[in-house]
Structures are given as structure tokens and as C-alpha cells.
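Bear in mind that the values here come from a model prediction, so they are computed numbers and not experimental data.
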Amino acid sequence: MKEYFEKKIQDLQSQSLRRVLKTISSDQGAEVTHDGKKYLNFSSNNYLGLANLALLRQSSIMAIQKYGTGTGASRLITGTMTLHEQLEKEVAQFKDTEAALIFNSGYQANVGIVSAVAEEGDFIFSDELNHASLIDGCRLSKAKTRVYRHVDMLHLEQLLQASLKENQMSTVGKNQKRLIVTDSVFSMEGDIAPLVDIMSLAEKYDAMVLVDEAHATGVLGLTGRGALEHQGVSSRHPRLIQMGTFGKALGSLGAYVCGPQSLIDWLINCARPFVYSTSLPPAVLAANSAALRFVASPETIGGDWRDLRRALDCNRQVLKEKLGVLSHQKNMTLLGGDSPIFALVLGDAERTMQVSQALFQKGIWAGGIRPPTVPKNTARIRLTLMATHTGEHLDRLMECLEEVL
Ligand SMILES: *Cc1c(COP(=O)(O)O)cnc(C)c1O
């Protein structure tokens, strides 16, 4: 076994595809410490810096003191505590939906939702650049998955049309459902799905839509509800299933799904990651509730969400302009910038890793993203912004990028 895996790892290494862990010994700020040295962090999804907010820390500590560290069981056994119920009510209120359900992570939520909603014989329509968790959900469900080109609404419509024909010709029941699944903000590109168009296609072709707001919750939309709010799609849209996570802008861990009560009841019964996993512990639930309160009622003691959002937006505009100029000079493709995610596409995995390593030596933490996370020949440097980056941080990033590239 030892030699077998050594050989497998060597194969990855020779294609510049080997990944290794890098440990951080500080908190998750705009500056982090690794191996005794400081780095500017341009790879975190802790966009607003909430992971370090005193309000969240304090809420977790109090919950541990009152309720302990673990729940001891899955939700349907004895693992449902008042903190779960409370957080679910708060999510439903925040998103203005009938009901909500908490999952232990976004990965588990997507795998659970897609495989519980789409059943054998149904059709799923999935953007080719969707997050791995949505892809795995499609794989686990017994539905027929049709992959459409990235944000290509013409292609999506063609596939929807073809499914209607296939349905008419089918002999095994004519009640097949259609489910469209998409990231709202794409995690490795930073662009935003055309959600208004997707919802109208869903109307036209009688489909449900699952929108993954992992990178948008707390960051996009006038009040931080996400990309649906940003694009003016009502949370109460009758075909809409929304999910999002607590691990990115909201600073802790876990995920939510929201929609009508009947959907939530179905997921409680059939979403296997929900049914068969020990539930989130008090410390995490309390931090999540505090984060939601922080976003929903900006006058909370200990900071103002609107200030953080403004700072993040400001950083985003500055970097968008600077990276625009740089990518033009260097003849490279720049992606993203409508969200706090940017990507400089280099193409070649080896070169991308060399650039990432050279930046690292200069104290800039900017991840090289390679296949299979992104399609072949589209390896890239992914940069994410935080509200807590300063002007000097951005200047230093640009200096280093120019030197290295
Ligand atoms: C990060 C992410 C997830 C997974 O969420 P976790 O809580 O980290 O498991 C799901 N979907 C998208 C689009 C993501 O970016």
C-alpha cells in the first residue's frame, strides 16, 4: 500500500497537480502567520473578517458554558437543541421564507438537497462551473444530469426543450421533474449567474431552481441577503430553493437551505447528510446566530455591518481597476470583480504554481488553482478580498504581482 500511494503521489507531482497543506498559526485575518513568518492573506473567504469579531467569539463562549461542546446525536435522534430551532427561525426571517433547515456544511447541504429533490427519472440542469458539492449531488441522485455551458442561457434553454421531448417519448411515467442548479457567485471565477433569466426559464419549462449563495450571503445585495437580492429575485419565488453557508462571509461553519415548509419537511426525511450526521454543536450555532444578527441589524454593539461592506466594496473597486490594467499589460484574462473574488488566468498548471510560489516567497498568500478544481488549461491565481485589507496591503499585492509576472 505504501509504495502504491507513493507512486500515485509522484504521478500528481510530475503533472504539477500535487497539493499539500499549509498551516496557519495565527487567527484568520488579512495578515496571517505561517512557519513564523507573516503573509498578506488574499485567499480567504472570511470576506468581512467576522471570524475574528468579538461578538461571535463571545456568543460561542457563552453557548459552550451553557450547553457544552457537543450534541451527542443526529438531529432526528436527540441532536436538535433550542439553538438549532432558533437559528432556523432566524434564517427564515433573514431570507423571508416560510422555513429553513441547517446542515453541517455547504458540501453536505448540496449533496443532500440535490439527491433528495431530484429522483430517478427526473432531469437536472447544471452549470458546467458549479461547485463540486453540487456536482456530487447530481452524481448521487439517480436523475439524468444535463450540463450547460457556463451561464449560457441559450444552451440551458436547448437542454430544457430537449428534456420535454424526451419526456413525451418516455414510457416510464410522464411526471418527471426538472431541477436547475447553479452557484450564484462562482467560487473560482467570481462572476454572478443571471438569476432573473434562470427564473424565467424555470417558469417557461416548469422547473425548480436551486441557487447556491455560499459566496454571496452577507456580501451581496442591499441588505446582505445575497445575489438573489442583488438581482431583484424574490425569496418567495414559488420555484426557488436557496442555500448558503455560514463558513465564508458569516465567519463560522455550517449551511442553511430555505424555502417552503413542505420542502424542509421532505429534506428532514430524505436528505441523507442531514439524517445521518451528528448535528452542529452549540459554539457554532451561537456564532452563526450572532453573525446573522450582525448582518440583519447593523447597529449591533461591536461594529456595523454596513461599514465592513463599504470597506470591502471600496477594496473591490480599487483592485478591479488595478488588476484590469495589469492583466491588459500582461495579456492575461482577468475574471470576476463583481464579487470579492478575482482570478488571473495563466492556463498552464506548472506556471501557475510557480507564480503562486514566487508570490508566497514575497509574503503574498494567493492560491494557485489547478484542475480538477477548474477545467484543464485554465489554471489561475485566485485572489479574494477582505474588508480588513488596507490600501497598503493592496499596493503591496500589486507590486509583487508586477515583479513576479
Ligand atoms: C464553499 C462552497 C460550498 C461548500 O460549503 P462548505 O460549508 O465549505 O462545505 C458550496 N458551494 C459553493 C459555491 C462554495 O463556494
ask   = Checking salt bridge (Lys or Arg N to Asp or Glu O under 4.0 Å) for the pair Glu399/Lys362: CA distance, chi angles, key distance, verdict?
value = CA-CA 10 Å; Glu399 253 172 55; Lys362 292 180 180 293; over 6 Å; no
Nearest 0.5 Å, what's the [atom1]-[atom2] distance between [X] and [Y]?
X: Cys258; Y: Leu263; atom1: SG; atom2: CG; value: 9.5 Å
X: Ile180; Y: Phe123; atom1: CD1; atom2: CZ; value: 13.0 Å
X: Asp122; Y: Leu179; atom1: CG; atom2: CG; value: 8.5 Å
X: Glu213; Y: Leu228; atom1: CD; atom2: CG; value: 4.5 Å
X: Asn46; Y: Asn52; atom1: CG; atom2: CG; value: 6.0 Å
X: Leu346; Y: Thr378; atom1: CG; atom2: OG1; value: 10.5 Å

message = One pair to check against side chain to side chain contact (heavy atoms under 4.5 Å, CB included): Met199 and Leu240. What are the steps and the verdict?
response = CA-CA 8 Å; Met199 294 318 296; Leu240 181 62; 4.2 Å; yes
Polar side-chain atom of [X] near backbone of [Y] as donor-acceptor pair, under 3.5 Å:
X: Arg382; Y: Ser187; value: yes
X: His84; Y: Met81; value: yes
X: Ser200; Y: Val196; value: yes

Measuring only between side-chain heavy atoms, which start at C-beta, is [X] closer than 4.5 Å to [Y]?
X: Met208; Y: Arg178; answer: no
X: Thr182; Y: Leu195; answer: yes
X: Phe342; Y: Leu385; answer: yes
X: Val219; Y: Pro340; answer: yes
X: Tyr107; Y: Leu134; answer: no
X: His215; Y: Ser184; answer: no
X: Met398; Y: Leu323; answer: yes
X: Ser327; Y: Leu344; answer: yes

Does [X] come within less than 4.0 Å of [Y], counting only side-chain N to carboxylate O?
X: Arg239; Y: Asp206; value: yes
X: Arg310; Y: Asp304; value: no
X: Arg139; Y: Asp136; value: yes
X: Glu6; Y: Lys2; value: yes
X: Asp35; Y: Lys37; value: no
X: Lys322; Y: Asp395; value: yes
X: Glu157; Y: Lys204; value: yes
X: Lys7; Y: Asp11; value: yes
X: Glu119; Y: Lys142; value: no

Go through the side-chain N and O atoms of [X] and [Y] and say whether any donor and acceptor fall under 3.5 Å apart.
X: Gln242; Y: Ser235; value: yes
X: Ser279; Y: Thr71; value: yes
X: Ser356; Y: Arg370; value: no

All pairs passing ring pair (Phe, Tyr, Trp, His ring centres under 6.0 Å) where residues 356-394 contributes a residue, at least two apart = His34-Phe360, His34-Trp365, Tyr39-Phe360, Tyr39-Trp365, Phe42-His389, Phe360-Trp365, His389-His393
request  = Could you check Ser277 against Ser74 for side chain to side chain contact (heavy atoms under 4.5 Å, CB included), going step by step and ending with a plain yes or no?
outcome  = CA-CA 5 Å; Ser277 211; Ser74 60; 5.9 Å; no
task = Check step by step if side chain to side chain contact (heavy atoms under 4.5 Å, CB included) holds for Ile124 and Lys144.
result = CA-CA 6 Å; Ile124 303 175; Lys144 291 173 267 193; over 6 Å; no
Derivation of the ring pair (Phe, Tyr, Trp, His ring centres under 6.0 Å) call for Phe125 and Tyr148 = CA-CA 7 Å; Phe125 304 87; Tyr148 61 92; 7.8 Å; no
For [X] and [Y], which heavy atoms make the closest approach, and how far apart are they?
X: Leu210; Y: Asn110; answer: CD2-OD1, 4.3 Å
X: Arg236; Y: Asp96; answer: NE-O, 3.0 Å
X: Ala366; Y: Leu383; answer: CB-CD2, 3.5 Å
X: Ser59; Y: Ala286; answer: O-CB, 3.4 Å

Assess whether atom [atom1] of [X] is packed by more than 12 heavy atoms of other residues, nucleotides or ligands within 6.0 Å.
X: Glu403; atom1: CD; answer: yes
X: Arg272; atom1: CZ; answer: no
X: Glu128; atom1: CD; answer: yes

task = Begin with the C-alpha distance, continue with both residues' side-chain angles, and end with the deciding distance and a verdict on salt bridge (Lys or Arg N to Asp or Glu O under 4.0 Å) for Arg380 and Glu189.
result = CA-CA 9 Å; Arg380 64 199 64 180; Glu189 287 72 28; 2.8 Å; yes
Pairwise side chain to side chain donor-acceptor pair (under 3.5 Å) hits with a residue in residues 216-229, at least two apart = Thr217-Tyr256, Thr223-Arg225, Thr223-Glu229
Candidate pair Glu166 and Arg146, rule salt bridge (Lys or Arg N to Asp or Glu O under 4.0 Å), full reasoning = CA-CA 12 Å; Glu166 203 176 312; Arg146 306 287 184 255; 3.2 Å; yes
task = Might you work through the ring pair (Phe, Tyr, Trp, His ring centres under 6.0 Å) test for His150 and Phe186, ending with a clear yes or no?
result = CA-CA 10 Å; His150 182 48; Phe186 287 86; 4.5 Å; yes
Which residue pairs pass the salt bridge (Lys or Arg N to Asp or Glu O under 4.0 Å) test with at least one member in [range], sequence neighbours excluded?
range: residues 335-359; result: Lys320-Asp338
range: residues 191-202; result: none
range: residues 276-291; result: none
range: residues 58-83; result: Arg75-Glu88

task = Show your working on side chain to side chain contact (heavy atoms under 4.5 Å, CB included) between Lys22 and Ile24 and close with a plain yes or no.
result = CA-CA 7 Å; Lys22 282 212 274 287; Ile24 289 174; over 6 Å; no
